[in-house]
Amino acid sequence: MGDLLTSNPVIELEGDEFWPLSGKPFFDVVLTKTNIKCLYQLVVPGKFSATLPSCSIPTVLMFRGKNWEMIYHGSSSHKRLDNWRAFAVDNNLKVGDACVFEQLECSSTRLVFRVQILRGDISSEFLDKLGGDNVDAPIVLE
């Protein structure tokens with residue numbers, strides 16, 4: 001797996017690392033309050049979860065040379081990652097940030113995703129236009 005991480009050029013921008021995707025399957029999620037407050041739930045999009053095992057298996061998220069262990073629950077109606085809170089808190093994720101999960105390994109006993117974090121940094125001026133707590137609504141720029 002070391003070659004996979006070193007063969008792609010890494011670009012650093014304001015402390016975050018970005019690299020071209022390797023062609024492996026991936027999904028992305030724009031974070032909402034449900035993902036990073038109280039519940040800390042991360043539901044895997046339906047089209048992507050259809051390619052994953054239909055059981056609960058250990059999962060690793062890799063970011064900036066560090067690993068976070070959690071469980072993927074593929075047997076529930078909403079396929080999701082549990083124990084996602086540590087990753088979200090450790091990486092200071094906020095509403096509006098996006099995460100790209102690139103699948104490096106997928107078997108009946110383990111999942112591994114390499115994660116890229118794209119900071120949203122949505123201006124409070126735009127968040128105020130949403131009318132308070134409804135951060136799941138799209139923001140229209142005029």
Side-chain angles (χ1 to χ4, degrees), residues 1-124 126-141:
M1 195 159 38
D3 291 337
L4 179 68
L5 296 176
T6 58
S7 63
N8 287 332
V10 174
I11 299 166
E12 190 163 327
L13 182 64
E14 296 181 14
D16 286 320
E17 297 177 348
F18 304 96
W19 55 88
L21 295 174
S22 67
K24 293 186 176 280
F26 71 93
F27 69 93
D28 57 84
V29 175
V30 176
L31 301 176
T32 65
K33 280 174 62 172
T34 303
N35 302 126
I36 58 166
K37 305 247 187 214
C38 300
L39 297 176
Y40 285 92
Q41 290 184 353
L42 183 72
V43 175
V44 177
K47 287 182 181 181
F48 191 87
S49 66
T51 67
L52 299 176
S54 297
C55 58
S56 295
I57 56 175
T59 301
V60 175
L61 298 185
M62 299 169 49
F63 179 67
R64 298 187 108 189
K66 189 173 175 188
N67 295 342
W68 286 262
E69 295 184 11
M70 56 199 65
I71 301 292
Y72 167 75
H73 291 285
S75 54
S76 66
S77 60
H78 296 291
K79 317 289 190 225
R80 68 188 191 285
L81 293 174
D82 277 354
N83 300 335
W84 149 262
R85 179 185 177 141
F87 181 85
V89 170
D90 289 352
N91 293 293
N92 196 29
L93 296 179
K94 295 182 168 64
V95 170
D97 289 348
C99 293
V100 178
F101 297 84
E102 185 174 18
Q103 181 182 302
L104 299 182
E105 183 180 329
C106 179
S107 70
S108 60
T109 58
R110 179 174 140 122
L111 284 173
V112 177
F113 292 100
R114 182 169 60 169
V115 182
Q116 291 191 56
I117 297 172
L118 309 169
R119 302 292 175 182
D121 294 330
I122 298 173
S123 166
S124 61
F126 295 118
L127 289 176
D128 290 344
K129 289 183 178 183
L130 291 175
D133 293 333
N134 187 9
V135 294
D136 291 333
I139 297 173
V140 177
L141 302 177

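Please read all numbers here as calculations on a predicted model, not as lab measurements.
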Given the options L93, T59, I71, V89, W84 meets side-chain contact (heavy atoms from CB on, under 4.5 Å) only with L93
In this structure, CZ of R119 is separated from CG of N92 (nearest 0.5 Å) by 6.0 Å
inquiry  = Quick check: do I57 and S108 have side-chain heavy atoms less than 4.5 Å from each other?
reply    = no
Taken to the nearest 0.5 Å, the spacing of F48 CZ from F26 CZ works out to 9.0 Å
Should the pair E102-R114 be classified as a salt bridge under the 4.0 Å nitrogen-to-oxygen rule?
-> yes
Contacts satisfying side chain to side chain donor-acceptor pair (under 3.5 Å) that involve residues 65-74 (not counting sequence neighbours) are S56-H73, W68-D90, H73-D82
Contacts of P58 meeting side-chain contact (heavy atoms from CB on, under 4.5 Å) (sequence neighbours excluded), chain-then-number -> none
Residues G120 and D97: closest non-hydrogen pair is N-OD1, 2.7 Å
d(S49 OG, H78 NE2) to nearest 0.5 Å is 10.5 Å
Closest non-hydrogen atoms of F87 and N91, given as atom of the first, atom of the second and distance, are O-ND2, 2.9 Å
Separation between NZ (K94) and CD1 (I117), nearest 0.5 Å, reads 11.0 Å
Residues at least two apart in sequence or cross-chain that pass side-chain hydrogen bond (donor to acceptor under 3.5 Å, both in side chains) with S75, listed by chain then number, are none
Contacts of F101 meeting ring-ring contact (aromatic ring centres under 6.0 Å, His included) (sequence neighbours excluded), chain-then-number -> F27
Result block: side-chain N/O donor-acceptor pairs under 3.5 angstrom for residues 35-44, not counting sequence neighbours:
unit_1 : atom_1 : unit_2 : atom_2 : d
N35    : OD1    : T32    : N      : 2.8
N35    : OD1    : T32    : OG1    : 3.2
N35    : ND2    : Q41    : O      : 2.8
Y40    : OH     : I36    : O      : 3.0

Is there a side-chain contact between L104 and M62, using heavy atoms and a 4.5 Å cut-off? yes
The side-chain hydrogen bond (donor to acceptor under 3.5 Å, both in side chains) partners of S107 (sequence neighbours excluded) come to T109
Sorted by chain and number, sequence neighbours left out, side-chain contact (heavy atoms from CB on, under 4.5 Å) with A50 holds for none
